[in-house]
Amino acid sequence: MNIPFNRTHSFGKEYQYIKHAIDAGEISGNGYYTQKCHQFFKQYYDIDHCLLTNSCTAALEMAAILLDIEPGDEVIIPSYGYVSTANAFVMRGAKLVYVDSQKDTPNLNVDLLKDLITDNTKAIVVIHYGGFAVDMDAVMTLANGFGVYVVEDAAHCIDAYYKNRPLGTIGHFGAISFHSSKNITSGHGGLLLVNDDSFVERSQVIWQKGTDKTKFDLGNQAYYKWIDIGSSFFPSDITAAYLYAQLLNLEAVTAHRLMLWDYYYSKFDEISYFDLPNIEENSKHNGHIFYVKFKSRDIRTAIIDQLRTRKIIAHPHYLNLAESKFQNYKDAQPNTIEWEHRLLRFPLFFDLSTNQIDLIVEALHEFNL
Ligand SMILES: *Cc1c(COP(=O)(O)O)cnc(C)c1O
């Protein structure tokens, strides 16, 4: 049996809502379903401001614009991270300063942050890997003490929490992804959470290509003007219609993924050549990623190959951003390099069955060290 790494699940209402959007005769963005998605998050997360975007990448780019990042500014980001996290700030001219992971989780080591902050530091970006929360109290206390902004790359984090607060709603900005690799999807899609009221008005301008079209749409003025930089940051209402159908199943998705995650955890407990994930304190995750850390890179390579012969697909994850050809930093990120070499993600998607997990466990047991 083939076990892919990921597969998109549709719940059924997607077709109906897309048809409704088409029949309504208005499919450009910021329409009925876009508003439904905004309302969903405002209610579910108990927040005031969020904006649907074309991707999490786009939401991070909006955050970088809103923070007025410019050449000379430094932005601290995790070296065990995704290119979009880095690009959003590099595109505004920032110098990136990398913070290493912890030894026992891929999340950044909060204790290292203080020594990386300089007079030029404008923002700290955190990634909650796999929906496992970074210690946000520590990050916010430090950032507020130095007058530095915090952006949460919460791409993995829909319905995941730190001390009962949704991830992405704690820093000044949060960015969630609805890419098809994530728990809830619209193929491509994202959400910018604007958690600091002073950024709300400008966020709407940047979202609307740098214009005051939001006021025009409300009927307050006869035309709209170019008043700032901006871009075409929001998706069509067809995409929003698909997303809204998915969002209505959010609690079921999280519960089902957590069941599969726990099943992996209990079955993998017997295997000695890797370590199971450590869950951070105060973190309630969402079953986004099931990963393990191998004792060595060679064993990981052998296992990936062994699984492939059985048509089971497991993937490593990030490469150290600091060492990429594009950045070429020489400073060592020892824990990031360990995660780069030794982390492996197993198949985890809504239609995965526990029988399939049993087959994966069987394949692992066949492996002789
Ligand atoms: C998936 C992901 C992104 C990018 O999300 P898109 O919606 O595809 O732009 C950014 N950061 C992290 C940590 C991700 O996993």
Side-chain angles (χ1 to χ4, degrees), residues 5-6 8 29 37 41 50-65 75-91 96 98-99 101 105-108 123-134 136 139 150-160 162 166-168 170-171 173-193 207 231-236 239-240 242-243 246-247 257 277 280 283 285-291 315-322 324 336 339-340 343-345 348-349:
F5 182 71
N6 183 46
T8 303
C37 291
F41 280 101
C50 60
L51 291 167
L52 216 55
T53 55
N54 286 309
S55 61
C56 178
T57 303
L60 291 164
E61 287 167 13
M62 282 188 69
I65 292 172
V75 174
I76 300 175
I77 79 162
S79 43
Y80 195 72
Y82 192 56
V83 288
S84 297
T85 329
N87 269 329
F89 299 93
V90 168
M91 289 202 317
L96 299 183
Y98 291 98
V99 56
S101 301
T105 94
N107 277 346
L108 64 84
I124 297 170
V125 186
V126 304
I127 299 174
H128 306 286
Y129 187 81
F132 301 104
V134 169
M136 286 307 289
V139 172
V150 174
V151 178
E152 294 178 81
D153 180 340
H156 303 172
C157 301
I158 190 165
D159 212 17
Y162 171 78
L167 296 181
I170 303 165
F173 298 101
I176 291 178
S177 174
F178 307 120
H179 184 266
S180 62
S181 56
K182 308 303 202 289
N183 288 20
I184 291 286
T185 183
S186 50
H188 280 281
L191 187 77
L192 178 69
L193 298 153
W207 194 61
S231 192
S232 183
F233 276 118
F234 52 77
S236 94
T239 297
Y242 189 99
L243 180 65
Q246 293 256 314
L247 288 173
R257 294 184 72 109
E280 308 246 6
S283 170
H285 75 99
N286 57 358
H288 177 52
I289 293 174
F290 191 85
Y291 72 90
H315 287 313
H317 212 175
Y318 303 131
L319 306 180
N320 184 1
L321 287 170
S324 68
T336 295
W339 291 108
E340 173 183 325
L343 180 144
L344 189 67
R345 295 174 295 156
L348 182 49
F349 49 91

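As the structure lists them, so they are numbered: ligands from 1, and atoms in each ligand from 1.
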Just to confirm my output: which protein heavy-atom neighbour is closest to [atom], and how far is it?
atom	answer
atom 7 (O) of ligand 1	Ser177 OG, 2.7 Å
atom 3 (C) of ligand 1	Tyr82 CD2, 3.5 Å
atom 11 (N) of ligand 1	Asp153 OD2, 2.7 Å

How are the rings of [X] and [Y] set relative to one another: parallel (under 30°), tilted (30 to 60°) or perpendicular (over 60°)?
X	Y	result
Phe41	Phe178	tilted
Tyr80	Tyr318	perpendicular
Phe132	His285	tilted

Looking only at N/O atoms, are [X] and ligand 1 under 3.5 Å apart anywhere?
X	result
His188	no
Ile127	no
Ser84	no
His179	no
Ser181	no

Backbone N or O of [Y] within a donor-acceptor pair of the [X] side chain at under 3.5 Å?
X	Y	answer
Thr185	Lys182	no
Glu152	Gly171	yes
Ser84	Thr57	no
Asn286	Ile158	yes
His288	Gly130	no

Heavy-atom pair with the smallest gap, counting every atom of Pro106 and Leu343: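 Looks like CG-CD1, 3.9 Å.
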Ring centroid separation Tyr129 to His156 under 6.0 Å: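 Tyr129 vs His156: aromatic centres under 6.0 Å.
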List ligand 1 atoms under 4.0 Å from [X], heavy atoms only on the residue side.
X	answer
Cys56	4 (C), 5 (O), 6 (P), 7 (O), 9 (O), 10 (C)
Thr57	4 (C), 6 (P), 9 (O)
Lys182	1 (C), 2 (C), 14 (C), 15 (O)
Gly189	7 (O)

Selected option - heavy-atom contact closest to atom 12 (C) of ligand 1, from Ala58, Ser55, Ala155, Pro78: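 Ranked by closest heavy atom to atom 12 (C) of ligand 1, first place is Ala155.
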Among His317, His288, His156, closest by any non-hydrogen atom to atom 15 (O) of ligand 1: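 Ranked by closest heavy atom to atom 15 (O) of ligand 1, first place is His156.
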Proximity to ligand 1 by part of Tyr318, non-hydrogen separation under 4.0 Å: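 Only the side chain of Tyr318 comes within reach of ligand 1.
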